[in-house]
Participant: 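What follows is a single structure, and I will ask about it in a moment.
Worth saying up front: this structure is predicted, and the values here are computed from it rather than measured. Numbered from 1 within each chain, the chains take letters A, B, ... in sequence-line order.
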Amino acid sequence: MTEQAISKVTMDKLVSLCKRRGYIFPSSEIYGGLGACYDYGPLGVELKNNVKACWWKSVVQERDDMVGLDASILMHPQTWVASGHVDGFADPLVDCKQCRRRWRADDVGKPLGAVQVYDQVDASEARADLLPAAGQIVIRNIKIDGSNGAPQLESAGLVAGGIWLDRPLPKSEVQLIGDDFLLSPGNILYPNLRSYTIGFPLPSGAALGAQLKLVFRNPSGLLERVDFTVQFSGGVTKYEGGPYCPDCCGDLTEPRMFNLMFKTYVGAVEDEAEVVYLRPETAQGIFVNFENVLASTRRKLPFGIAQIGKAFRNEITTGNFIFRTREFEQMEIEYFVKPGSDDEWFQRWVDERLNWYVNLGIRRENLRLHQHAKDKLAHYAKDCTDIEYLLPMGWSELEGIANRTDFDLRQHARHSGKDLSYYDEDTKEHITPYVIEPSAGVDRSVLAFLVDAYDEEPDKDEVRVVLRLHPALAPIKVAVLPLSKNEKLLPLSQEVYNDLRRCWMVQYDNAQSIGRRYRRQDEIGTPFCVTIDFDSLEDNAVTIRERDSMKQIRVPIEALKPTLDAKMCGEPF
RNA sequence: GCGGGAGUAGCUCAGUGGAAGAGCCCCUGCCUUCCAAGCAGGUUGUCGCGGGUUCGAGUCCCGUCUCCCGCUCCA
């Protein structure tokens, strides 16, 4: 069922439906659009508001330990210095000239340093005990520039070369895997005070002055490359610099800076005005208000602050409809806990948040948790688990739950000079709380709810398209449909419509055939249709038709509201 | 930014240098009866933009803009 359902929905179909029915439009479309910006149409804004309302209800209204906040988008510029965004949120990027892949300059490693080539190695210096263990360095290749080195490499001579790494690597993590000419168990690893020399036989054809490339995997699993010139006198060779493409070891372009924070100016005269940023995350608005909330609401640990709001990131690469946009909306919680209880609360929030999606109708098998490897964590995080959804283009992150430790509060205390500690009355001491941050994307959630709800089923020669949205999320809860446009049905239909619309978003539609109107409501996800027919004029009863099963029940008009209410709260149809 | 794809009706798309089209959608009318029904009508186009070639360009050439997908990161 799942595989089938997923295979039915494609981004193209969904994008088309969204535009056709008024969920989501490309931004500024009459001017040709603006990349990666979208506008929520009449139905989209309802869905999005419902998603936010369900979240707010779940994490604020129904909890004792949470309060809300709505901080401004523009904040004091120092905020972003303290948070690390000014320094750390500008990505220098490089492109590989060979394979065209793009990398963060940080990720491609730093130059290895000098290379020495020896003309002779005394076998007694071999330190086989240092060759070892877990696989981190892999020497994969050595080439002679300007030729396809292979023929010359077949008869490796007795001469040995060495690579001198400026960055020493732990011995226990060093492994030389020599499945080609380069390495054999006899290869030599010289430990040095601050570096290693890895010995290897030079190809016999490598003449004095030959240009060599050494390519190997570094501890992160990325390729690194050293270019050097053979000098049999034992001297230090020329070092070509780097780094190189971690994927193919091709040459990279110069790093280019991309600032991921949108800048703007406070003050009407631009060149005298102060630079401020559009916030790249809502979280900092919570941290800077920690003391205000604490003082005004008399909270005790553990407690949390929830916020929904726009955030802006000048992404280099956007795309995938509303999944990755430069302007987006977040639903964030900063949940403050006593240090030591952070691991437990972290897990509780992961469970809590996962259940939220499931309770709103997303199939569990289309969700998964992804725990970040410790060495991939952001600088502020001790732990991080993503909630991922199986979108048509693959598993994609909807929400990240991070253990941010006390990093943010300490940073803001330091930069602002204010005391952001919490007085623990149990232990009579001041502590800086740890914080668990469940941070969800509104737009991504909307997309996931739409994708998961989208269904097609055969209907004679046609296909019935249904958005099986949870009633709490559906933009229109009820459609009121007179069976025909006959005037006699009008007064009662209007009466029912006007009564219901005081409770829910209701649509009135008398155009075209009843079947067509049902299908239209199915396609926009309306869970219930109420039909007024000629019998209604006599018996004061109407028909409720349910979206998913297309089943119908007849109820007295006076029982209509409570019946619909019960059905929307999950009573079986 | 690099690579690929695409711009023709609200949507999906066809269109061979010679009158801008189809299906769906939408709207109006008829119908006393329940799942995109039928019948009769109807609206909707700077063919992305600007040049050029040509008697004639949606079609060929050049330029340009925009959007989509992938590559990095993240909500």
Participant: Contact class for Asp535(A) vs. all strands (heavy atom < 4.0 Å): base, sugar-phosphate, or nothing?
Facilitator: base
Participant: Could you tell me how far G1(B) sits from A19(B) if I compare only their P atoms? Round to whole Å.
Facilitator: 40 Å
Participant: Give one of base, sugar-phosphate or nothing for Phe323(A), where a contact means two heavy atoms less than 4.0 Å apart.
Facilitator: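 Contact class for Phe323(A): base.
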Participant: Going by an N to O cut-off under 4.0 Å, is there a salt bridge joining Glu46(A) and Lys477(A)?
Facilitator: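 Here Glu46(A) does not pair with Lys477(A) in a salt bridge, since their nearest N and O are not under 4.0 Å apart.
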Participant: In whole angstrom, give me the gap between the C1' atoms of U59(B) and G48(B).
Facilitator: 16 Å
Participant: Which sits closer to the 5' end of RNA chain B, Lys19(A) or Ser439(A), going by the nucleotide each is nearest to?
Facilitator: Lys19(A)
Participant: Is NZ or CZ of Lys551(A) both nearer than 6.0 Å to the six-membered ring centre of Phe573(A) and within 45° of the ring axis?
Facilitator: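 Not satisfied by the 6.0 Å and 45° rule.
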Participant: Could you write nucleotides 34-40 of chain B as a row of B, S and -, 5' to 3', where a protein heavy atom under 4.0 Å of any base atom gives B, of only sugar-phosphate atoms gives S, and otherwise -?
Facilitator: BBBB---
Participant: CG of Leu14(A) versus C1' of C11(B): gap in Å, rounded?
Facilitator: 14 Å
Participant: Over 60° means perpendicular and under 30° means parallel, so tell me whether Phe321(A) and Tyr38(A) are parallel, tilted or perpendicular.
Facilitator: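 Rings of Phe321(A) and Tyr38(A): perpendicular, as their planes differ by over 60°.
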Participant: Work out how far the C1' atom of U46(B) is from that of G7(B), and round it to whole angstrom.
Facilitator: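 Rounded to whole Å, the distance is 14 Å.
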Participant: In whole Å, measure the gap between the P atoms of A37(B) and G23(B) for me.
Facilitator: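 Straight-line distance between the two P atoms is 15 Å.
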Participant: Which base sits across from G17(B) as a Watson-Crick or G-U pair, both distances under 3.5 Å?
Facilitator: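 In the structure as shown, G17(B) has no Watson-Crick or wobble partner.
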Participant: How many whole angstroms separate atom CD1 of Ile286(A) from atom P of A75(B)?
Facilitator: 14 Å
Participant: Roughly how many Å is it from CD1 in Ile308(A) to C1' in A75(B), rounded to a whole number?
Facilitator: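 It works out to 13 Å between those atoms.
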Participant: Contact class for Ser445(A) (heavy atom, under 4.0 Å): base, sugar-phosphate, or nothing?
Facilitator: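 It contacts nothing in the nucleic acid.
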Participant: Tell me whether the count of non-hydrogen atoms from other residues, nucleotides or ligands lying under 6.0 Å of CD in Glu558(A) goes above 12.
Facilitator: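 No - once you tally the heavy atoms of other residues, nucleotides and ligands closer than 6.0 Å, there are 12 at most.
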Participant: Between Arg468(A) and Asp455(A), is there a salt bridge with N-O shorter than 4.0 Å?
Facilitator: yes
Participant: Starting at CH2 of Trp55(A) and ending at C1' of A75(B), how long is that distance when rounded to a whole Å?
Facilitator: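 Those two atoms, CH2 and C1', are 12 Å apart.
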Participant: Watson-Crick or G-U wobble partner for G38(B), using a 3.5 Å limit on both distances?
Facilitator: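 Answer to the pairing question: C30(B), which forms a Watson-Crick or G-U pair with G38(B).
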Participant: Tell me whether the OP1 or OP2 atom of A75(B) has a side-chain N or O from Lys310(A) closer than 4.0 Å.
Facilitator: no
Participant: Should Glu388(A) and Arg368(A) count as an ion pair when the cut-off is N to O under 4.0 Å?
Facilitator: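 Salt bridge between Glu388(A) and Arg368(A), a charged N being under 4.0 Å from a carboxylate O: yes.
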Participant: Rounding to an integer number of angstrom, what distance separates U16(B) and G21(B) when you compare their P atoms?
Facilitator: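 Result for the P pair: 15 Å, nearest Å.
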Participant: Roughly, in whole Å, what's the span from NZ in Lys13(A) to P in C13(B)?
Facilitator: 12 Å
Participant: For a quick test of reading the model: is some side-chain N or O of Tyr38(A) closer than 4.0 Å to OP1 or OP2 of C68(B)?
Facilitator: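 True: Tyr38(A) side-chain N/O within range (under 4.0 Å) of C68(B) OP1/OP2.
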Participant: Ion pair present between Arg404(A) and Glu281(A), side-chain N to carboxylate O less than 4.0 angstrom?
Facilitator: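 Judged by the 4.0 Å cut-off on N to carboxylate O distance, Arg404(A) and Glu281(A) do form a salt bridge.
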Participant: With both distances under 3.5 angstrom, what nucleotide forms a Watson-Crick or G-U wobble pair with U43(B)?
Facilitator: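 No nucleotide pairs with U43(B).
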Participant: Rounded to whole angstrom units, what separation is found between the CD atom of Glu487(A) and the P atom of U32(B)?
Facilitator: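 Value for this atom pair: 12 Å.
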Participant: Between A40(B) and G56(B), how far apart are the C1' atoms? Round to whole Å, please.
Facilitator: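 Per the computed distance, 39 Å lies between those C1' atoms.
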Participant: When rounded to the nearest Å, what value does the distance between P atoms of U64(B) and A22(B) take?
Facilitator: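 It comes out at 36 Å once rounded to the nearest Å.
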Participant: In whole angstroms, how far is the P atom of G70(B) from the CE atom of Met393(A)?
Facilitator: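 Met393(A) atom CE is separated from G70(B) atom P by 7 Å.
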Participant: Within the structure shown, what part of the strands sits under 4.0 Å from Leu17(A) by heavy-atom distance: base, sugar-phosphate, or nothing?
Facilitator: nothing
Participant: Both distances under 3.5 Å, Watson-Crick or G-U wobble: report the partner of A6(B), or none.
Facilitator: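 Check on A6(B): paired to U66(B), both distances under 3.5 Å.
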Participant: Rounding to the closest angstrom, what is the interatomic distance between C55(B) and C67(B) at atom P?
Facilitator: 38 Å
Participant: Measure up the Tyr335(A) and Trp345(A) rings against each other and bin them: parallel (under 30°), tilted (30 to 60°), perpendicular (over 60°).
Facilitator: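 It falls in the tilted class, 30° to 60°.
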Participant: For Glu571(A), does the CD atom sit with more than 12 other heavy atoms under 6.0 Å from it, leaving out its own atoms?
Facilitator: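 Yes.
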Participant: Taking pairing as Watson-Crick or G-U wobble with both contacts under 3.5 Å, can you name the mate of G1(B), or confirm there isn't one?
Facilitator: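 When the pairing criteria are applied, C71(B) turns out to be the nucleotide that pairs with G1(B).
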Participant: For Lys488(A), report the nucleic acid contact type (base, sugar-phosphate, nothing); a contact means any heavy atom under 4.0 Å.
Facilitator: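 Counting heavy atoms under 4.0 Å across all strands, the contact made by Lys488(A) includes a base.
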Participant: In this structure, how many angstroms lie between the P atom of G10(B) and the CG atom of Asp39(A), rounded?
Facilitator: 18 Å
